[in-house]
K.L.:
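Input: one structure, supplied below.
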Amino acid sequence: MRNDKQYRMRMKYDNEVFAMVTFCYLAIFGLMAILVTLFDMNIFNFTFWEALKSTLFSEVATGRMILLVTVGVGLVSSMITDFRILKSKKKSAST
């Protein structure tokens with residue numbers, strides 16, 4: 001028979017770990033956007049907000065669509081990975 005306190009602590013840990021892949025994906029994407037913005041600031045002598053705006057909004061339509069599709073596919077795949085991790089942990093906890 002399992003100890004209920006240990007089971008509750010394990011389930012709490014499993015719920016905290018659930019969104020780590022998605023969080024890491026968003027953190028990497030955000031840090032890469034900041035890095036590109038910093039490069040644009042130094043190369044083109046923009047302010048931070050001007051460089052960020054030019055990075056996100058001045059691309060031609062094809063470039064913007066490639067960016068949005070890539071971000072969307074990455075976000076969906078990281079969410080699927082998180083869901084599979086949670087599903088496998090629940091399955092192993094029940095056995």
Side-chain angles (χ1 to χ4, degrees):
M1 187 169 203
R2 67 178 177 225
N3 187 346
D4 285 335
K5 184 176 181 181
Q6 289 177 345
Y7 178 74
R8 283 193 309 257
M9 288 178 69
R10 180 175 175 172
M11 289 306 293
K12 180 181 176 188
Y13 173 75
D14 287 346
N15 290 335
E16 290 172 355
V17 174
F18 170 58
M20 286 305 292
V21 175
T22 304
F23 172 75
C24 291
Y25 171 76
L26 293 174
I28 289 171
F29 176 72
L31 291 172
M32 291 295 283
I34 290 171
L35 184 65
V36 168
T37 303
L38 291 174
F39 285 151
D40 283 351
M41 284 174 57
N42 288 331
I43 293 170
F44 300 114
N45 294 323
F46 287 157
T47 65
F48 180 79
W49 297 112
E50 288 174 338
L52 187 62
K53 184 178 177 183
S54 72
T55 301
L56 296 176
F57 299 112
S58 69
E59 291 290 325
V60 294
T62 305
R64 187 178 303 167
M65 291 306 296
I66 291 170
L67 177 69
L68 292 176
V69 168
T70 305
V71 169
V73 168
L75 185 61
V76 168
S77 66
S78 66
M79 291 171 73
I80 289 170
T81 304
D82 275 337
F83 179 72
R84 286 184 171 184
I85 290 170
L86 178 68
K87 190 174 164 183
S88 68
K89 285 187 179 189
K90 282 186 177 182
K91 185 177 180 179
S92 67
S94 65
T95 59

K.L.:
In a check of side-chain contact (heavy atoms from CB on, under 4.5 Å) between Leu75 and each of Thr22, Thr70, Ile80, which one passes?
P.N.:
Thr22
K.L.:
Verify the cluster assignment for Met79 and Tyr25: are they in a single hydrophobic cluster under the rule of side-chain heavy atoms below 4.5 Å apart?
P.N.:
yes
K.L.:
Please round to the nearest 0.5 Å and tell me the distance separating atom OG of Ser88 and atom CZ of Phe83.
P.N.:
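Answer rounded to 0.5 Å: 10.5 Å.
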K.L.:
Between Val21 and Phe23, is there a shared hydrophobic cluster once you connect ILVMFWY residues whose side-chain heavy atoms come closer than 4.5 Å?
P.N.:
no
K.L.:
Would you give the length of the straight line joining atom OG1 of Thr37 to atom CG of Asn42, rounded to the nearest 0.5 angstrom?
P.N.:
11.0 Å
K.L.:
To the nearest 0.5 Å, what is the distance between CG on Leu86 and OG1 on Thr81?
P.N.:
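Leu86 CG to Thr81 OG1: 12.5 Å, rounded to 0.5 Å.
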K.L.:
Check whether Val71 and Leu26 end up in the same hydrophobic cluster, where Ile, Leu, Val, Met, Phe, Trp and Tyr are linked by side-chain heavy atoms less than 4.5 Å apart.
P.N.:
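Yes, it is one cluster - the side chains of Val71 and Leu26 are joined through contacts under 4.5 Å.
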K.L.:
Measuring from atom CG of Leu38 to atom CG of Leu52, what distance do you get when rounded to the nearest 0.5 angstrom?
P.N.:
10.0 Å
K.L.:
Could you grab the distance from atom CZ of Phe46 to atom NZ of Lys53, nearest 0.5 Å is fine?
P.N.:
11.0 Å
K.L.:
Out of curiosity, does Met41 fall in the hydrophobic cluster containing Ile43 (side-chain heavy atoms, cut-off under 4.5 Å, transitive links)?
P.N.:
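Ile43 does not cluster with Met41.
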